[in-house]
Amino acid sequence: CLPDEVLDLLGEYVEEGYEIWLEMGQQSFHYHTCEQTNRQHGVAEILNLVKKSHDRGILVLSFVILGLPYETPSEMIETARFVSELNIDAVKIYPLLVMKGTRLVDEYESGRYRPISRLEYLSILADFIENLSPHVLIQRLSKDAGVDEKIAPEWNTHRFLVGPEVEKVLMLRETRQGSRYKVGLTAEELNPLL
C-alpha cells in the first residue's frame, strides 16, 4: 500500500518542515496472527515500513489489538517490547471487538471465541504499558468509535472509562509506563517475537 514513491513524497513534506505521521494498522507483530487475520503481510513488511519511514523522518504510529483469539497474554506483552525496540513513535491500543458483518461473529456465536473481559483487558493493558518504552507516546487505550456495530464484549470499552481504570491498576501496582521495559533486547530475546 505504500510504495517508495509515496514514502518519498511524504519525506519531501518532512524536509519542508511538516510533521508527518504514518499510522500502521497491523494490529499484531506475530506472523501466525497476521496469517489468521488475513493481513496479507508478515512481520518483515512491518519492519521494512518502519525503517523506510524513519529513514525519511516520518513518524510512525502503530495500532495494536489486545485480545486477538490467536495470541496469548505473553505474546501481547512481547508486542509492547517489539513496538519499543522498533522505536515506533506512538501507539493506539484497543481491545478486540466483535463487530457486525465480520467473520469473528461466527466464531463468537458458536463459542469458538470468547472476548476478553474488562478485568483481563485492564490487567493485560497494564502489563503492556509496563513493558512499553517510556519514549513511546500512547495516543489511545481503548475503542469507542463505531461501537454501535459492536456485538461483544459486553463491557463498555469507551476510552474515557478505560483510561482512569488502567491508571488505578498501575497505581495499585506502584508502577508506570516502561517500568518493566528492558532496553536493548538481545538477538535471542528478539527471536521469539519473529
Side-chain angles (χ1 to χ4, degrees), residues 23-37 39 61-86 88 90-182 185 189 192-193:
E23 296 192 4
M24 293 191 319
Q26 80 290 338
Q27 288 87 37
S28 174
F29 285 90
H30 300 282
Y31 186 75
H32 69 92
T33 305
C34 291
E35 276 190 314
Q36 292 288 334
T37 56
R39 294 295 305 163
L61 178 140
S62 174
F63 286 82
V64 174
I65 293 181
L66 302 179
L68 288 159
Y70 322 105
E71 292 187 0
T72 65
S74 62
E75 286 176 313
M76 294 176 218
I77 293 166
E78 285 177 353
T79 296
R81 296 171 66 200
F82 202 41
V83 165
S84 301
E85 287 303 306
L86 278 175
I88 288 177
V91 67
K92 290 182 180 178
I93 311 163
Y94 299 113
L96 180 61
L97 304 182
V98 179
M99 304 295 283
K100 293 177 185 175
T102 63
R103 287 186 325 174
L104 192 57
V105 172
D106 295 335
E107 292 184 39
Y108 170 69
E109 290 177 347
S110 69
R112 293 188 313 266
Y113 171 68
R114 181 188 63 82
I116 194 166
S117 73
R118 185 178 135 278
L119 293 178
E120 286 172 317
Y121 183 69
L122 290 172
S123 178
I124 292 170
L125 179 58
D127 291 341
F128 188 97
I129 291 169
E130 290 169 347
N131 283 277
L132 186 67
S133 166
H135 302 289
V136 177
L137 173 67
I138 299 173
Q139 288 194 357
R140 190 161 293 171
L141 294 171
S142 195
K143 179 77 172 156
D144 50 53
V147 293
D148 51 328
E149 298 292 314
K150 180 179 87 166
I151 294 175
E154 294 180 7
W155 55 277
N156 191 334
T157 60
H158 198 285
R159 65 179 178 227
F160 294 131
L161 298 174
V162 172
E165 289 177 328
V166 77
E167 283 181 29
K168 288 178 189 173
V169 172
L170 293 169
M171 285 175 48
L172 289 171
R173 293 181 180 186
E174 297 181 355
T175 190
R176 67 190 187 298
Q177 180 178 347
S179 63
R180 291 174 28 198
Y181 169 62
K182 294 195 305 186
L185 296 177
E189 291 174 311
L193 299 177

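Side chains included, hydrogens not; waters and symmetry mates left out as well; all remaining heavy atoms used. Every value quoted in this text rests on a predicted model; they were computed, and no experiment measured them. Numbers for residues simply follow the sequence, beginning at 1.
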**Contact check, side chains of D127 and E130, non-hydrogen atoms, under 4.5 Å** = yes
**Complete:** When rounded to the nearest 0.5 Å, the distance separating CD of E120 from CG of L66 is 11.5 Å
**Item:** Heavy-atom pair of closest approach, residues K100 and D148
**Value:** NZ-O, 3.9 Å
**Prompt:** For the atom pair CD (E154) and CD1 (I151), what is the distance rounded to the nearest 0.5 Å?
**Reply:** 11.5 Å
**Request:** Would you mind listing every ring pair (Phe, Tyr, Trp, His ring centres under 6.0 Å) that reaches into residues 149-172, with sequence neighbours excluded?
**Result:** Y121-W155, H158-F160
**Asked** Just wondering, more than 12 heavy atoms not from R176 lying within 6.0 Å of its CZ?
**Response** no
**ring pair (Phe, Tyr, Trp, His ring centres under 6.0 Å) partners of Y94, counting only residues at least two apart** = F63
**Request:** Search all heavy atoms of G67 against all heavy atoms of Y113 and return the closest pair with its distance.
**Result:** O-OH, 3.1 Å
**Message:** Any heavy-atom pair between the side chains of I129 and Q177 that's under 4.5 Å?
**Reply:** yes
**Closest contact, heavy atoms only, P153 versus I116** = CB-O, 3.8 Å
**Fill in**
Here the gap from I65 atom CD1 to M76 atom CE, rounded to the nearest 0.5 Å, amounts to 11.0 Å
**Message:** Whether the side chain of S133 engages the backbone of S84 through a donor-acceptor N/O pair (distance < 3.5 Å, no angle test) should be reported.
**Reply:** no
**Item:** Salt-bridge contact R112-D106 (side-chain N to carboxylate O under 4.0 Å)
**Value:** no
**Request:** Without swapping roles, check the side chain of S123 against the backbone of L119 for a donor-acceptor pair under 3.5 Å.
**Result:** no
**Prompt:** Of V64, L141, L137, which is the lone residue that meets side-chain contact (heavy atoms from CB on, under 4.5 Å) with V91?
**Reply:** V64
**Message:** If you define the side chain from C-beta out and look only at heavy atoms, does anything of T102 sit under 4.5 Å from E149?
**Reply:** no
**Message:** Can you tell me how far apart NZ (K150) and OG1 (T157) are? Round to the nearest 0.5 Å.
**Reply:** 4.0 Å
**Complete:** Rounded to the nearest 0.5 Å, the CD atom of E75 sits from the CG atom of L68 at a distance of 10.0 Å
**Item:** Value rounded to 0.5 Å, distance of CD in E165 from CG in L125
**Value:** 10.5 Å
**Request:** For side chain to side chain contact (heavy atoms under 4.5 Å, CB included), just list the numbers for L96 and L104, CA-CA rounded to whole Å, side-chain angles, deciding distance to a tenth of an Å, and then say yes or no.
**Result:** CA-CA 10 Å; L96 180 61; L104 192 57; 3.5 Å; yes
**Asked** Checking side chain to side chain contact (heavy atoms under 4.5 Å, CB included) for the pair V162/K143: CA distance, chi angles, key distance, verdict?
**Response** CA-CA 9 Å; V162 172; K143 179 77 172 156; over 6 Å; no
**Message:** Has K168 got a side-chain atom pairing as donor or acceptor with M171's backbone, closer than 3.5 angstrom?
**Reply:** no
